[in-house]
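Everything on this sheet refers to the single structure shown next.
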There are 2 protein chains.
Amino acid sequence: MKAFKTANESDARGNGFIPNLAIDVVVFGFHDSQLKVLLVKYSKTDYVALPGGFIKVDENLHDAAERVAKERTGLNNIFLDQFFVFGDMSRYNAQPFREVMEANGMPAKADHWLLNRFISVGYFALVDFTKVTPTPDKLFDSCGWYDLNALPALIQDHAEIISKALNALRDRLDDKLIGFNLLPEEFTMGQLQALYETILGKKLLRSAFQRKMLGLNILERLAKKYTGAANKAPYLYRFKAK
Amino acid sequence: MKAFKTANESDARGNGFIPNLAIDVVVFGFHDSQLKVLLVKYSKTDYVALPGGFIKVDENLHDAAERVAKERTGLNNIFLDQFFVFGDMSRYNAQPFREVMEANGMPAKADHWLLNRFISVGYFALVDFTKVTPTPDKLFDSCGWYDLNALPALIQDHAEIISKALNALRDRLDDKLIGFNLLPEEFTMGQLQALYETILGKKLLRSAFQRKMLGLNILERLAKKYTGAANKAPYLYRFKAK
DNA sequence: TTATTATTGTAACATATTGTTACAATAATA
DNA sequence: TATTATTGTAACAATATGTTACAATAATAA
C-alpha cells in the first residue's frame, strides 16, 4: 500500500476512502533484456515500496487501480490484471508509515487511518518501458525503475507481492498472450524471444519459438529492420488484435 | 456477501469487522455426475445468495474464508482458493438486505453498516459432497445444494461470481490437480473422468484420459471395486500427495 | 567485386504427446 | 458355459515440440 496521494488521504480520518483496503500495483517494464519494476522511495527516509493507493467510496476497484498506475507512469490504457489479495495479519506493520509521516512533518497520531491494518489487492501492470514517465508523488516520494534481479529491501510484504505478480505473469503468458504489452508496437522475433526468456527465466530454442509464435496467427509481418549489423535483417512484427 | 453471522454482525456499526469488505465462497460439490453449489436462502424472503461473511479486524483473510466455509459445511481442512475480487459499483444494491432485515424484525436504518457499498473477495471451495452437512445460519437463512445447471435467481452479482469461480476451477484443474478435492478418498477412473468431463463441460476419450492420469504418477491403485454390475470390476484409486 | 561473418527464416528429421481404434480380460447374468 | 457391458491397455495415427541443418541475407574486409 502507498500513502499520501490525493488531497484527502492526508486527512487523519481517511474521509472519502474505503478504510483498511488498499491497492498495490506491480508495474512491469522490459528494457535491455531485463524485467524492471516501478518503485517509489519515500522522501526523508529510505523506505522503498510498490506504488499503491486506496479506493474511493464510490469508485470501481479496477478504476482505482488504473488511477494509481496512471499517476505513476503517466500512461492511459494500461494493461492491468488482478492476481492476489494479501490479507494476512503478519503483513501489518505501521512503523514505516509512522516514520515517513513524522519525517515529513505530519502528525502521526495513533488513530490515524493509515496506521491501521490493511488488506491489499494486488494488480500487475504491463507497460511499454519507453512510453513511461516515472512520476513521483508531489509530496512524499521519488519514483523510478528497478531491476527485478536487484531489488532493494522493500517495506512490509512488498517483495512477496512482486514475487507473486511474476508467478501470475508467467502462468498467464501462454494462455492470454499478454506479453506483447511489454513491447513497443513493432518488434523483432529476437526481441520477443528475449522477452519470453526473461519472464520465464530460461532459454528457449530459437527455431521452435519462432515456429510456435508464427503458428499462433497473431503476428503481422511488417518491413525488415536494418539494424546496421553485418547480418540478415530481421522482420518487424506487430501484434494482431482479434 | 452474506449478512448476520456472528453476534457482532447484527450490530448496526459492524464493530469488530472490517467495513465495506466481504468474502463470498462458492462451495462446489460433485454428486450424481453433476456439479453442485451450496447456496443460502434468506428466511421470510426468497432471496438466494452465496455463503458469505466478513473479516474480523484482527483476522487473516484466509482464515475468514475458512471460517465462512466451515460454518456452512461443517467441514475442517477445506480446500479454498482465491479467484477474484469483485469491486464494481454496479454490484452495489442494498435493497435485498434491507428487505431481509425488515422481514426479520431488524431495524434497517439507512446508515446500517450492511447497507453500505461492499467489495467482495471471491473464494471457491472444493469439498467431498458426501461429507458436507449444509448448515443454515441460526437466525436468517436456510442452506442447501443447487445444481450448477439449474441455479435460481441470485442476488446482486452472485451468478457472475459463480461463473468466474467455475472458470478459475477449469483453468487450474490441470496444472494444480485440485479436482481430487471433489471426490471421496477412493474413486474409480470412471468417476474421475466423469468429474473432469463435468467441470470442463465436454466429453473426454476414455483411453487417453486414463493413460494421462496414470502417467502423472499421482494415483495409487488399490483393490478392485465389485459394483454388482455384469462387467469387469474397476480398480479403486487414491490421490497420492507429494 | 568478391570473400567473410553473424544472424535470420525455415526446412527436415527425431522425439514426445495426444487422438483413435482395437481387443483381451473380466463380473455378473442367462 | 455363452452372453453382455465395462475396464485396462496395446497399437497405430495425427499433432506438437525438440533439435539439427542450411540457404538467405547485410554489413564489413580483402
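Residue numbering restarts at 1 for every chain, and letters A, B, ... go by the order of the sequence lines.
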* Asked: Would B:K240 and B:E220 pass as an ion pair if we require N to O under 4.0 Å?
  -> no
* Asked: Base, sugar-phosphate, or nothing for A:G215, non-hydrogen atoms under 4.0 angstrom?
  -> nothing
* To do: Give one of base, sugar-phosphate or nothing for A:A208, where a contact means two heavy atoms less than 4.0 Å apart.
  => base
* Structure fact -> Taken to the nearest whole Å, CE/A:M213 to P/C:dT8 is 16 Å
* Any B:R221 side-chain N or O less than 4.0 Å from OP1/OP2 of D:dT7 -> no
* Asked: Think A:K224 has a side-chain N or O under 4.0 angstrom from the OP1 or OP2 of D:dA26?
  -> yes
* **base_contact_polar (C:dG19 base, B:R211 side chain, donor-acceptor, <3.5 Å)** => yes
* What is the distance, rounded to the nearest whole Å, between atom CG of B:L192 and atom P of D:dT7? -> 13 Å
* Structure fact -> Minimal heavy-atom distance between A:P152 and A:V48, with the atoms involved, is CG-CG1, 3.9 Å
* To do: Identify the two heavy atoms, one from A:V25 and one from A:A125, that lie closest to each other, and give their separation to 0.1 Å.
  => CG1-CB, 4.1 Å
* Asked: Base, sugar-phosphate, or nothing: which does A:G190 touch, judged by heavy atoms less than 4.0 Å apart?
  -> nothing
* Given B:Y237, which of B:R221, B:K225, B:E186, B:Q191 fulfils the side-chain hydrogen bond (donor to acceptor under 3.5 Å, both in side chains) condition? -> B:R221
* D:dA29: pairing nucleotide in any strand, Watson-Crick or G-U under 3.5 angstrom -> C:dT2
* According to the Watson-Crick and G-U wobble definitions, with both distances under 3.5 Å, which nucleotide is paired to C:dT29? -> D:dA2
* Structure fact -> Between OH of B:Y237 and P of D:dG8 the distance, given in whole Å, is 5 Å
* Find which nucleotide of DNA chain C each of B:R206 and A:P234 is nearest to by heavy atoms, and output the residue with the more 5' nucleotide. => A:P234
* Asked: For A:K225, which contact category applies under a 4.0 Å heavy-atom criterion: base, sugar-phosphate, or nothing?
  -> nothing
* Asked: Within this structure, what is the CE-to-P distance between A:M189 and C:dT10, rounded to whole angstrom?
  -> 9 Å
* For the pair made of NZ in A:K212 and C1' in C:dG9, what is the distance, rounded to whole Å? -> 19 Å
* Mind telling me whether A:F180 and A:F239 have parallel, tilted or perpendicular rings, with 30° and 60° as the class edges? => parallel
* A:Q193 CD to C:dT10 C1': how many Å, rounded? -> 15 Å
* Searching all strands shown, indicate the nucleotide that pairs with D:dA23 (Watson-Crick or G-U wobble; both distances under 3.5 Å). => C:dT8
* Asked: Below 3.5 Å, does any donor atom in the side chain of A:S207 face an acceptor in the base of C:dA11, or the other way round?
  -> yes
* Asked: Tell me, do B:L21 and B:V121 make a side-chain contact under 4.5 Å, heavy atoms counted?
  -> yes
* Whole angstrom value for the distance that separates C1' of D:dG8 from CG of B:N231 -> 13 Å
* Asked: When the distance from CG of B:L236 to P of D:dT7 is rounded to whole Å, what number comes out?
  -> 12 Å
* Which residue lies more 5' along DNA chain D, comparing A:L205 with A:A233 via nearest heavy atoms -> A:L205
